Each structure stands twice: as C-alpha cells, then as structure tokens.
Amino acid sequence: MNRSSREKPFAIACERNRDPILTVLRQVLPERGRVLEVGSGTGQHAAYFSAAFPHLEWLPSDLPENLEGISLWREQAGENCLAPISLDLLADRLQLPQADAIVCINTLHIVAWQGACNLFEAAGRSLAPGQVVYLYGPYRYADRPLEPSNVQFNQWLKDRDPVSGIRNLDDLTTVARDQGFVLDADAPMPANNRSLCFRCVDDR
Ligand SMILES: C[S@@+](CC[C@H](N)C(=O)[O-])C[C@H]1O[C@@H](n2cnc3c(N)ncnc32)[C@H](O)[C@@H]1O
C-alpha cells in the first residue's frame with residue numbers, strides 16, 4: 001500500500017480481484033441488512049462493494065492505523081458505506097458489531113491463527129442461522145499440494161511474520177463447525193485463490 005497525506009491508499013490486487021469476488025458475493029450476501037467487512041485494508045473493496053450493493057449497508061473495519069485510508073475511499077462512496085470501525089481479530093473476547101453477514105478478504109493468512117478462531121467464535125455469537133461468513137484467499141487442501149505460486153507466497157508470509165501463513169481448509173472448517181457453521185460453498189478463484197462461504201446453522 002502506497003500512502004502519503006490525504007492520498008488514498010491503493011492495492012493493485014483489489015482492482016484485480018474485486019469483480020470475481022463481486023460475482024460470488026452476489027450469490028451469498030443477503031437481500032438487505034448490514035455487511036461487516038473484517039480487515040478492509042485500503043478501503044477499495046468497501047467503496048466498490050457498497051456501490052454494487054446499494055440495498056446493503058457496508059461496514060468496513062480494520063486495525064486503527066488503516067481507518068484513515070478507508071475513510072478517504074469512503075468520501076467517494078455512497079451513504080450505505082458506513083464509517084470504518086476499529087476491529088482487532090486478536091482482541092480478547094472479540095465482540096462484533098451487529099451484522100447480517102461477514103466478509104473477510106485476504107486477512108486470515110495475515111493475522112495469527114488465533115484471529116481465525118476468534119472470528120468464528122464471535123461470528124457464532126453474532127450471526128443467526130442462515131447468515132454467512134465469506135472468506136477469500138489462498139487455502140491449503142489435505143488432498144493436494146499447495147500450488148507453486150502459493151508455496152512461494154506462504155514462504156514470503158512466514159519470512160515476514162512467522163505467525164502468518166496459508167491456512168488449512170480442514171482447520172478452518174473444524175473451527176467453524178465448532179461455532180455452528182458449515183462450509184456451504186468452496187469455489188475456485190483467479191490466481192489460485194478460493195471463495196469460501198460458511199453458513200450459520202446453529203442458533204446460540
Ligand atoms: C493483505 S491485507 C488485505 C486487506 C483487504 N481485505 C484486501 O483484500 O486488500 C490484510 C489486512 O488484515 C489486517 N489485519 C492484520 N492484523 C489484523 C488483526 N489483528 N485484526 C484485524 N485485521 C488485521 C491488515 O491491517 C490488513 O488490512
């Protein structure tokens with residue numbers, strides 16, 4: 001992300017992946033209500049998806065240092081793009097704001113594994129049966145080796161921060177199941193990424 005004062009942060013990956021992701025989001029997001037985006041990053045996705053879903057409220061979130069950049073993107077977005085909130089997946093007893101769906105793109109391989117556990121634990125308390133947690137990113141499958149590009153990416157992640165890394169789908173589905181979610185959809189995406197849709201089936 002390049003950043004100078006009042007200049008919107010920009011990530012080329014967001015430009016590349018936003019339309020493939022949008023196609024999937026059209027299939028999994030609700031007709032109305034509020035979408036909580038976890039790990040919004042630059043804010044590009046929040047601006048783009050809130051425009052694509054004018055009937056939904058889009059609530060971006062990230063660590064405090066990213067909120068200013070997200071707000072700059074929000075200045076050009078519609079009223080349904082809400083002010084970004086601070087949300088740290090590693091917070092003790094993570095509490096999520098009210099939401100009807102959760103979207104988390106390219107974030108669970110950045111944050112320590114506890115962040116993924118916390119996300120599903122909090123989502124299990126916050127979402128109702130039928131509502132979804134949508135994840136996008138690279139994942140590791142038990143029945144096949146990581147693609148060479150993802151082997152390299154995983155090494156890059158580990159060199160940068162040993163607690164990060166490409167997550168095992170089986171570990172995610174286990175954590176999700178323990179919190180009342182089933183893997184409803186798992187779709188291939190460009191550049192060896194996946195779209196995962198976990199649906200809440202348990203009223204807590
Ligand atoms: C690779 S970026 C992805 C950003 C954006 N979703 C995208 O696709 O461009 C990972 C994001 O995770 C956020 N992040 C890292 N640690 C986090 C934590 N503990 N809680 C919440 N977000 C975190 C970073 O600030 C960053 O915005």
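Read the numbers this way: they start at 1 and go in the same order the structure lists the ligands and their atoms. Just so you know, these numbers use all the heavy atoms, side chains as well, and skip hydrogens, waters and symmetry mates. Every value quoted in this text rests on a predicted model; they were computed, and no experiment measured them.
Residue-level proximity to ligand 1 for C14 is carried by the side chain, the only part with a heavy atom below 4.0 angstrom. Only backbone heavy atoms of L87 (N, CA, C or O) come within less than 4.0 Å of ligand 1; its side chain stays farther off. The part of S40 lying near ligand 1 is the backbone, judged by heavy-atom distances below 4.0 Å. Residue Q44 does not touch ligand 1, judged by heavy-atom distances below 4.0 Å.
Taking every heavy atom of G41 and a limit of under 4.0 angstrom, the matching atoms of ligand 1 come to 4 (C), 27 (O). Close contacts between ligand 1 and V111 involve ligand atoms 18 (C), 19 (N) [criterion: under 4.0 Å to a heavy atom]. Of all atoms in ligand 1, listed by their number and element, those nearer than 4.0 Å to a heavy atom of H45 are 7 (C), 8 (O).
For the residue pair P20 and R16, the shortest heavy atom distance occurs at CD-O, 3.6 Å.
Side-chain atoms of L172 and L108, non-hydrogen and from C-beta on, do get closer than 4.5 Å to each other.
Checking only distances, G39 does come within under 3.5 Å of ligand 1, N or O to N or O. An N or O contact shorter than 3.5 Å is missing between V38 and ligand 1 by distance. Residue N66 has at least one nitrogen or oxygen atom sitting less than 3.5 Å from a nitrogen or oxygen atom of ligand 1, judged on distance alone. Considering backbone and side-chain atoms alike, L89 places an N or O below 3.5 Å from some N or O of ligand 1.
Remark: aromatic rings of H109 and Y139 are distant, center separation not under 6.0 Å. Two rings, from F120 and F198, have their centers less than 6.0 Å apart.
The structure places OG of S50 at 11.5 Å from CH2 of W73, a figure rounded to the nearest 0.5 Å.
Judged by distance alone, with hydrogens and angles left aside, the side-chain atoms of T107 form no donor-acceptor pair with the main-chain N or O of C104 at under 3.5 Å.
Comparing heavy-atom distances from atom 27 (O) of ligand 1 across L67, D62, D88, I12 singles out D62 as nearest.
With respect to the salt-bridge test (charged N to carboxylate O, under 4.0 angstrom), the residues E75 and K8 do not qualify.
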Would R32 and E57 satisfy salt bridge (Lys or Arg N to Asp or Glu O under 4.0 Å), going step by step from the backbone distance to the final call? CA-CA 8 Å; R32 57 187 60 80; E57 287 184 326; over 6 Å; no
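Contact between T42 and ligand 1 is absent, with no heavy atom of the residue lying under 4.0 Å from the ligand.
Each of V24, L183, V133 was evaluated against L196; a single residue qualifies, L183, per the side-chain contact (heavy atoms from CB on, under 4.5 Å) test.
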